[in-house]
Chemist: 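Below you'll find the structure I mean.
Just so it is clear, the structure is predicted and the values come from calculations on it, not from any experiment.
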Amino acid sequence: MVISPTKTKFRKHQRGRVRGKATGGVGISFGEYALQSLESGYLTVNQIEAARKALTHYLKRGGKVWVRAFADKIITARPAETRMGGGKGAPVAFVAPIRQGHIIFEIGGIPQAEAKKALHLASYKLPLKTRFMEKI
């Protein structure tokens, strides 16, 4: 499963700041239950994939999972113990900027208790505080 873009317009991005509340991606659109972010931050491709694997492993091929976070921002880093100057570092990883209130995962086709447990297990793999949501 590809969680990062195959091609980008620019090789390096400016970091910026992830602040405020999300305006888009705040409602449950596909499934019946969702995992919503309660704080802002970055999710790496590895973190999203680890959480997705935990979800699908618990569900044992039952239900359907939608990943609503897409890592499309490039993070750069300089090598360790390098002196200042010499330009911006090389691209290291793709991250998904997540704002407070953004839906990260959605699942459907399973009972509520099972969905709650599955999303709770997935939340352990993420560095952000999250909460369980149901479609009203």
Chemist: With a 4.5 Å limit on heavy-atom distance, are the side chains of Ile28 and Glu106 in contact?
Modeler: yes
Chemist: Taking everything shown except Lys135 itself, do over 12 heavy atoms lie less than 6.0 Å from its NZ?
Modeler: yes
Chemist: Could you pull out the closest heavy-atom pair between Pro5 and Ala71, with the gap in Å?
Modeler: CD-O, 3.0 Å
Chemist: Could you check whether Glu49 pairs with Arg52 (Lys NZ or Arg NE/NH1/NH2 to Asp/Glu carboxylate O, under 4.0 Å)?
Modeler: yes
Chemist: Around Lys21, counting heavy atoms of other residues, nucleotides and ligands shown, do more than 12 lie under 6.0 Å from its NZ?
Modeler: no
Chemist: Treat each ILVMFWY residue as a node, draw an edge where side-chain heavy atoms are under 4.5 Å apart, and state whether Phe70 and Ile75 are in one component.
Modeler: no
Chemist: With side chains defined as the heavy atoms from C-beta onward, is the minimum distance between Leu35 and Phe132 less than 4.5 Å?
Modeler: no
Chemist: Quick one: does any side-chain atom of Gln100 pair with a main-chain N or O of Ser40 as donor and acceptor, under 3.5 Å?
Modeler: no
Chemist: With a 4.5 Å cut-off on side-chain heavy atoms, are Phe94 and Ile74 touching?
Modeler: yes
Chemist: Say you draw a straight line from CD1 of Ile103 to OG1 of Thr130; how long is it, rounded to the nearest 0.5 Å?
Modeler: 10.5 Å
Chemist: Could you check if a side-chain atom of Lys129 sits within less than 4.5 angstrom of a side-chain atom of Ser123, using non-hydrogen atoms only?
Modeler: no
Chemist: With heavy-atom distances below 4.5 Å as the criterion, would you say the side chains of Ile107 and Trp66 are in contact?
Modeler: no
Chemist: For residues Arg99 and Ser37, determine if any side-chain heavy atom of one lies less than 4.5 Å from a side-chain heavy atom of the other.
Modeler: no
Chemist: Locate the shortest heavy-atom distance separating Ile98 from Ala69; write the atom from each residue and the value.
Modeler: CD1-CB, 3.9 Å
Chemist: Looking only at heavy atoms, what is the nearest atom pair of Ala96 and Ile48, with distance?
Modeler: CB-CD1, 4.1 Å
Chemist: Are Leu43 and Val45 co-members of a hydrophobic cluster defined by side-chain heavy atoms under 4.5 Å apart?
Modeler: yes
Chemist: I'd like to know if the side chain of Lys73 reaches the main chain of Gln14, judged simply by a donor and an acceptor atom lying under 3.5 Å from each other, with no hydrogens or angles considered.
Modeler: yes
Chemist: Which heavy atom of Phe30 sits nearest to which heavy atom of Arg68, and what is that distance?
Modeler: CE1-CD, 3.6 Å
Chemist: Measure the NZ-CG distance between Lys9 and Asp72 for me, rounded to the nearest 0.5 Å.
Modeler: 14.0 Å
Chemist: Are there over 12 heavy-atom neighbours, none belonging to Lys53, within less than 6.0 Å of that residue's NZ?
Modeler: no
Chemist: Below 4.5 Å, heavy atoms only, C-beta onward: do Ile110 and Leu59 meet side chain to side chain?
Modeler: yes
Chemist: Look at the side chain of Gln36 and the backbone N and O of Gly101, then say whether any donor-acceptor pair between them is shorter than 3.5 Å.
Modeler: yes
Chemist: Rounded to the nearest 0.5 Å, how far does CZ of Phe105 lie from CG of Leu126?
Modeler: 6.0 Å
Chemist: Just verifying a value: how many Å separate Glu114 CD and Tyr33 OH, rounded to the nearest 0.5 Å?
Modeler: 10.0 Å
Chemist: How close do Tyr58 and Ala118 get, heavy atom to heavy atom, and via which atoms?
Modeler: CD2-CB, 3.5 Å
Chemist: Report the distance from atom CD of Gln47 to atom CD1 of Ile104, rounding to the nearest 0.5 Å.
Modeler: 10.0 Å
Chemist: Please check: side-chain N/O of Arg78 versus main-chain N/O of Gly87, any donor-acceptor pairing under 3.5 Å?
Modeler: yes
Chemist: Side chains of Arg15 and Tyr42: closer than 4.5 Å at any heavy-atom pair?
Modeler: yes
